[in-house]
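Remember, it's a predicted structure, so these values are computed and weren't measured experimentally.
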Amino acid sequence: MTEGYLCGMDRKVRVRFAPSPTGGLHLGGVRTVLFNYLFAKQSGGDFIVRIEDTDQNRFVEGAEQYIFDTLAWCGLQPDESPAHGGPYAPYRQSERKQNYRKYAEQLVKDGYAYYAFDTTEELEARRKQIPNFQYSHATRMQQQNSLSLDEATAKEKMNGPHVIRIKMPENETVQFTDMIRGEVSFHTSQVDDKVLLKADGMPTYHLAVVVDDYLMKISHAFRGEEWLPSAPVHILLWKWLGWENEMPEWAHLPLILKPDGNGKLSKRDGDRLGFPVFAMDWTDPKTGETTTGFRERGFLPEAFVNLLALLGWNDGTDTELFTLDELVKQFSMSRVHKGGAKFDYEKAKWFNHEWIRRLPASALRPAVSELLQHAGIQLADGNLLDKVIELVKDRCTLLPDFIQQAGFFFQSPAEIDTAAIKPKWDESKNLFFTELVRAYQLCGFWDAAELEKEFKELAAVNKLKPGELMLPLRIMLVGGKFGPGVFDIAGLIGKAETIRRMEHVLGLLV
RNA sequence: GCCCGGUUCGUCUAUCGGCUAGGACAGCCCCCUUUCACGGGGCAAAGACGGGUUCGAUUCCCGUACCGGGUACCA
């Protein structure tokens with residue numbers, strides 16, 4: 001603990017997010033980014049994105065661009081990355097391929113690793129015949145490698161395909177301090193001889209993270225809890241490569257779990273339960289299948305970031321709403337939870353609702369405007385839009401809700417829910433509304449308060465309860481049982497439009 | 001199987017030995033509003049289990065149970 005603290009003290013904070021570009025970025029990934037970002041920014045450090053594309057078989061077209069697009073949407077800009085450049089370029093591991101071999105060879109030379117010649121087929125057969133086969137201290141001498149074979153055979157085999165494996169000690173304890181979990185320790189007897197360098201010359205994740213974290217001077221390494229079991233491999237590598245004093249501090253983040261049952265959240269759960277899992281729409285280039293993202297579902301980036309931050313972290317008070325800047329100030333790794341959190345879509349929507357209410361119309365305008373136009377609604381008056389947004393945003397949980405809540409301000413309702421008023425419709429009401437139309441026509445002024453006053457006076461003259469007349473008026477102007485105060489609506493859509501809508505519905509009711 | 005991690009209301013969580021266990025989401029009720037919301041008020045709801053340690057354990061230790069992660073030439 002002390003050791004890590006001391007070595008972190010005189011070092012600039014540099015963190016990295018290291019995704020492999022294999023598909024859409026989901027919740028958990030973005031949260032890992034967020035925690036990295038918050039931690040770096042609060043101490044004036046650097047946030048690096050490094051693409052871990054060491055598995056050529058899993059390369060997916062467009063996945064890398066998608067990652068940068070979602071970071072941009074979230075407002076989490078990297079300081080260094082393949083897209084942003086930086087002093088430690090390249091930031092794509094496939095482009096750093098030539099870096100890794102020498103470290104693996106050095107480990108072999110120092111006796112910490114060895115060459116292995118077993119083919120994939122041989123290993124598969126092994127695993128089939130021995131239930132829990134592990135390539136480890138217990139079995140390595142029965143395998144084809146530079147430790148078990150005589151020198152001549154091994155030398156000859158070196159001409160063919162081979163990998164480099166780490167030689168895990170038979171009986172050692174590897175201990176380290178995790179910023180979230182405290183002291184964690186492993187017995188090396190339980191961990192297998194992981195491949196460090198593959199037959200194609202590419203490093204595996206295990207070698208690549210260590211080498212690149214070292215080369216890129218990473219001070220703190222945050223990743224998901226699923227990496228905890230391989231931590232001893234990485235720690236031993238830091239030690240054996242002679243970089244122990246520069247090893248980053250570790251933090252293994254808790255997982256985000258599926259809302260029902262068990263297990264970590266996957267994109268399938270979203271499909272199954274009807275909520276997004278990816279940050280933005282992701283179209284699989286192979287199947288052409290599109291998975292809906294939070295953005296397209298109508299989430300604000302402010303809300304998305306906010307809800308992610310609160311999944312596994314809190315500031316110790318009852319505050320739940322934070323801007324990114326506030327998060328940067330308040331965030332603390334020591335307050336990150338150890339346990340996994342089930343994702344709750346209802347709560348996620350609540351965050352979005354709160355953010356829609358919080359933001360001024362001007363901030364909402366671009367998104368709402370685009371949404372309305374996509375729905376075929378013409379926005380003649382830009383000034384009106386801001387007023388409408390301000391008036392209806394309390395009723396919108398997701399951005400698309402604005403289509404229903406704001407659409408009728410710009411366009412006469414296509415459908416009129418006459419069924420809602422017909423049962424109680426009678427001649428006295430018909431008369432009232434006919435008179436109201438006339439009264440409004442004569443109106444010299446046009447604002448909500450006056451319209452309401454006029455309405456109530458006329459109701460009183462006709463000995464009708466205003467309450468019974470409000471719903472019909474709403475249906476006339478809105479088309480259905482929703483929207484803000486009726487007179488506010490009338491005030492905003494204007495005299496001509498109000499009268500036109502009233503007359504139109506009056507005609508339907510005859 | 002083995003290894004590692006985790007375990008407070010249905011869900012996200014507060015509590016760093018003193019608790020009548022607090023907040024939020026969702027649920028239910030009432031008020032406000034004769035739309036729907038917002039808002040206000042209220043109800044209901046939790047420390048997996050068993051042992052220690054202690055004057056005192058949700059909090060510390062040990063077991064058990066349950067959940068999760070890992071166990072690839074994937075990350």
*Expressed in whole Å, how much space separates the C1' atoms belonging to B:C32 and B:G42?*
15 Å
*Remember a base hit wins even if backbone is also touched, and classify A:Ser185 as base, sugar-phosphate or nothing at under 4.0 Å, heavy atoms.*
sugar-phosphate
*A:Arg165 charged N/C atom sitting above A:Tyr135 aromatic ring, 6.0 Å / 45°*: yes
*Assign each of A:Thr204 and A:Gly485 to its nearest nucleotide of RNA chain B by heavy atoms, then name whichever residue's nucleotide is nearer the 5' end.*
A:Gly485
*Scan A:Thr317 against the nucleic acid and name what it touches under 4.0 Å (heavy atoms): base, sugar-phosphate only, or nothing.*
nothing
*Are A:Phe222 and A:Phe35 close enough that their ring centres sit under 6.0 Å apart?*
no
_Using a heavy-atom cut-off of 4.0 Å across all strands, would you classify A:Gln405 as base, sugar-phosphate, or nothing?_
nothing
*Output the distance between atom CZ (A:Phe351) and atom CZ (A:Phe299), rounded to the nearest 0.5 Å.*
10.5 Å
_With a 4.0 Å cutoff (strictly under), does any side-chain N or O of A:Lys258 reach OP1 or OP2 of B:G68?_
no
*When all nucleic acid strands are considered with a 4.0 Å heavy-atom cut-off, which category describes A:Gly224: base, sugar-phosphate, or nothing?*
nothing
*Separation of the P atoms in B:G63 and B:A26, to the nearest angstrom*: 42 Å
*B:G50 versus B:A65 - spacing of their P atoms, nearest Å*: 15 Å
_Short side-chain N/O contact from A:Lys198 to OP1 or OP2 of B:A75, under 4.0 Å_ = yes
*Atom OH in A:Tyr114, atom CD1 in A:Ile166: separation rounded to 0.5 Å?*
9.5 Å
*asked:* Please report the distance separating the P of B:C31 from the corresponding atom of B:G23, rounded so that it comes out in whole Å.
replied: 24 Å
_By the 4.0 Å heavy-atom rule, please label A:Asn57 as base, sugar-phosphate, or nothing._
nothing
*Which is true for A:Ala341 with a 4.0 Å heavy-atom rule: it touches a base, it touches only sugar-phosphate, or it touches nothing?*
sugar-phosphate
*What about the rings of A:Tyr205 and A:His234, do their centers lie closer together than 6.0 Å?*
yes
*Which letters describe nucleotides 26-33 of chain B, given B = protein heavy atom under 4.0 Å from base, S = only from sugar-phosphate, - = neither?*
--------
*Considering only the P atoms, how many Å lie between B:C60 and B:C67, rounded to the nearest integer?*
23 Å
*Taking the same atom, C1', in B:G22 and in B:U8, what whole-Å distance lies between them?*
11 Å
*For A:Phe186, report the nucleic acid contact type (base, sugar-phosphate, nothing); a contact means any heavy atom under 4.0 Å.*
sugar-phosphate
*If the C1' atom of B:A14 is compared with that of B:G51, how far apart are they to the nearest Å?*
28 Å
*Any side-chain N or O of A:Arg165 less than 4.0 Å from the OP1 or OP2 oxygen of B:C73?*
yes
_So A:Pro19, base contact, sugar-phosphate only, or nothing? Heavy-atom distance under 4.0 Å._
nothing
_In the structure I gave you, are the side-chain heavy atoms of A:Leu473 and A:Phe487 within less than 4.5 Å of one another anywhere?_
yes
*Check the side chains of A:Glu183 and A:Thr177 for a donor-acceptor pair under 3.5 angstrom, ignoring hydrogens and angles.*
yes
*Name the nucleic acid region contacted by A:Gly480, choosing base, sugar-phosphate or nothing; use a 4.0 angstrom heavy-atom cut-off, strictly under.*
nothing
*Has A:Arg127 got a side-chain N or O lying under 4.0 Å from the OP1 or OP2 atom of B:C73?*
yes
*Would you indicate, yes or no, if B:U15 has its OP1 or OP2 atom less than 4.0 angstrom from a side-chain nitrogen or oxygen of A:Arg335?*
yes
*Is there a side-chain polar atom (N or O) of A:His353 under 4.0 Å from OP1 or OP2 of B:A37?*
no
*Given the C1' atoms of B:U15 and B:G52, what is the spacing between them in whole Å?*
23 Å
*When all nucleic acid strands are considered with a 4.0 Å heavy-atom cut-off, which category describes A:Lys264: base, sugar-phosphate, or nothing?*
sugar-phosphate
*Which glycosidic conformation, syn or anti, is assigned to B:C38 if syn requires a torsion within 90° of zero?*
syn
*asked:* Under 4.0 Å from OP1 or OP2 of B:G1: is there any side-chain N or O of A:Asn132 that close?
replied: no
*Any side-chain hydrogen bond (donor to acceptor under 3.5 Å, both in side chains) involving residues 401-415 of chain A? Give me the pairs, sequence neighbours left out, ordered by first then second residue.*
A:Ser412-A:Glu497
*How would you label the contact of A:Arg223 with the nucleic acid (heavy atoms, under 4.0 Å): base, sugar-phosphate, or nothing?*
nothing
*Which part of the nucleic acid, if any, lies within reach of A:His252 when heavy atoms closer than 4.0 Å are counted: base, sugar-phosphate only, or nothing?*
nothing
